[in-house]
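All figures in this text were calculated on a predicted structure; none of them were measured in a lab.
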Amino acid sequence: MKRVPDDPADVDACREAALTLLDAAARSSSALIKRLVDKGYDPVVAEDVVMRLVDVHLIDDEEYARSVVRSCAGRMLGFRGTTMELKRKGVDDKLAQNVAAEAREQGVFEDAAWQLGRKVAAKTEGLEREVRRRRFWSAGGRKGHDPETLRRVAHELFDNQGIA
């Protein structure tokens with residue numbers, strides 16, 4: 001049963017709900033607004049409360065986006081997979097693109113592709129080269145890596161029989 005606030009325009013209750021949600025998990029400002037509206041608070045009140053939390057630095061969308069990128073890198077996601085995850089978590093499109101591009105420039109997704117490649121190589125050891133390559137390409141595509149990076153990693157690991 002969904003609990004609806006007594007007064008959807010109650011700023012104090014909305015603030016308490018926002019803080020409770022932030023205690024449970026970090027969120028982007030837009031995701032927090034959406035969650036508060038879903039709980040029954042007036043959209044204008046929810047936005048005002050969240051903007052106040054942004055003003056006092058309890059919510060920082062850019063830092064939140066960077067933490068999501070770190071999490072995605074740990075899950076071996078590529079640029080496309082990471083930007084999709086950022087959007088799913090309510091991060092603004094422009095901010096998502098900027099933070100993901102910054103991570104790409106730092107080699108985060110290249111490292112993730114190599115980590116994925118080594119993992120697939122270890123799991124497929126003893127199988128035919130083409131089977132290993134196909135499994136790596138499938139995994140890399142699902143995780144949102146770009147074809148050029150996958151091509152380089154596959155060539156090193158499977159064609160040259162690198163560390164595989």
Side-chain angles (χ1 to χ4, degrees), residues 1-123 135-150 153:
M1 188 166 108
K2 186 175 176 181
R3 187 170 181 267
V4 179
D6 295 332
D7 179 8
D10 184 350
V11 174
D12 291 332
C14 185
R15 183 182 320 105
E16 284 302 314
L19 292 171
T20 300
L21 289 168
L22 287 174
D23 277 346
R27 301 170 198 273
S28 67
S29 57
S30 64
L32 185 57
I33 292 168
K34 181 183 181 325
R35 189 75 169 85
L36 290 168
V37 170
D38 288 349
K39 282 180 152 289
Y41 289 100
D42 181 81
V44 173
V45 171
E47 187 171 345
D48 288 346
V49 165
V50 170
M51 289 304 107
R52 176 67 182 135
L53 294 175
V54 169
D55 290 343
V56 297
H57 305 291
L58 288 177
I59 299 174
D60 183 343
D61 282 344
E62 190 169 339
E63 184 52 42
Y64 175 72
R66 284 193 171 92
S67 75
V68 171
V69 168
R70 286 190 298 273
S71 171
C72 289
R75 293 171 32 215
M76 297 175 278
L77 295 183
F79 179 84
R80 186 174 40 85
T82 299
T83 56
M84 288 172 56
E85 182 71 2
L86 286 164
K87 290 175 188 176
R88 188 182 72 76
K89 291 189 174 269
V91 175
D92 174 70
D93 286 346
K94 185 176 179 183
L95 178 59
Q97 289 294 323
N98 289 342
V99 171
E102 182 181 291
R104 179 172 36 201
E105 289 170 15
Q106 295 170 352
V108 169
F109 303 123
E110 180 86 16
D111 293 345
W114 277 98
Q115 184 181 1
L116 178 64
R118 287 189 291 271
K119 181 178 178 182
V120 171
K123 281 186 171 184
R135 289 192 183 170
F136 170 67
W137 273 87
S138 294
R142 284 190 306 273
K143 293 203 176 260
H145 287 283
D146 69 275
E148 186 53 41
T149 302
L150 294 176
V153 173

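The shortest distance between side-chain heavy atoms of Gln97 and Phe79 falls below 4.5 Å. Glu47 is not listed as a side-chain neighbour of Val44, based on a closest heavy-atom distance of 4.5 Å or more. The shortest side-chain heavy-atom distance between Leu22 and Leu53 falls under the 4.5 Å cut-off.
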Kindly determine whether Leu36 and Leu21 satisfy side-chain contact (heavy atoms from CB on, under 4.5 Å), including the steps that lead there. CA-CA 9 Å; Leu36 290 168; Leu21 289 168; 3.9 Å; yes
Quick one, Ile59 with Tyr64, criterion side-chain contact (heavy atoms from CB on, under 4.5 Å). Give me CA distance, side-chain angles, the key distance, then yes/no. CA-CA 8 Å; Ile59 299 174; Tyr64 175 72; over 6 Å; no
Determine, step by step, whether Val11 and Val49 satisfy the side-chain contact (heavy atoms from CB on, under 4.5 Å) criterion, reporting the C-alpha distance in whole Å, the side-chain angles of both residues, the deciding distance to 0.1 Å, and the verdict. CA-CA 7 Å; Val11 174; Val49 165; 4.0 Å; yes
Run the side-chain contact (heavy atoms from CB on, under 4.5 Å) check on Leu19 and Leu58 step by step: do they pass? CA-CA 9 Å; Leu19 292 171; Leu58 288 177; 4.0 Å; yes
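Under the salt bridge (Lys or Arg N to Asp or Glu O under 4.0 Å) criterion, Glu110 pairs with Arg152, sequence neighbours left out. Partners of Lys34 by salt bridge (Lys or Arg N to Asp or Glu O under 4.0 Å), not counting sequence neighbours, listed by chain and number: Asp38.
Within the model, atoms CG of Asn98 and OG1 of Thr83 stand 12.0 Å from one another, a figure rounded to the nearest 0.5 Å. Here CG of Leu86 is found 10.0 Å from CG of Asp93. Values are rounded to the nearest 0.5 Å. Once rounded to the nearest 0.5 Å, the distance linking CG of Asp42 with CG of Asp48 reads 9.0 Å. Going from atom CD of Glu62 over to atom CG of Asp92 covers 11.5 Å, rounded to the nearest 0.5 Å. In this structure, Ser67 OG and Lys89 NZ are separated by 8.0 Å, a value rounded to the nearest 0.5 Å. Atom CD1 of Ile33 sits about 9.5 Å away from atom SG of Cys14, to the nearest 0.5 Å.
Contact check on Arg70 versus Glu85 returns no salt bridge, with no Lys/Arg side-chain nitrogen under 4.0 Å from an Asp/Glu carboxylate oxygen.
Of all heavy-atom pairs between Ser29 and Val54, the closest is CB-CG2, 4.2 Å. When all heavy atoms are compared, the tightest approach of Tyr41 to Asp10 is CE2-O, 4.2 Å. For Val153 against Phe136, the heavy-atom pair with the smallest separation is CG1-CZ, 3.5 Å. The two atoms that bring Leu77 and Phe109 nearest to each other are O-CD2, 3.5 Å, heavy atoms only. Shown here for Ala96 and Val91, the closest heavy-atom pair between the two residues is N-CG1, 3.9 Å.
Formation of a donor-acceptor pair under 3.5 Å by the Ser28 side chain with backbone atoms of Gly90 is found in this model.
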Can you list, pair by pair, the side-chain donor-acceptor contacts under 3.5 Å of residues 138-146, counting residues two or more places apart and other chains?
residue, atom, partner, partner atom, Å
Ser138, OG, Arg134, O, 3.0
Arg142, NH1, Ser138, O, 3.4
Lys143, NZ, Arg75, O, 2.9
His145, NE2, Met76, O, 2.8
Asp146, OD1, Thr149, OG1, 2.8
Asp146, OD2, Glu148, N, 3.3
Asp146, OD2, Thr149, N, 3.1
Asp146, OD2, Thr149, OG1, 3.2

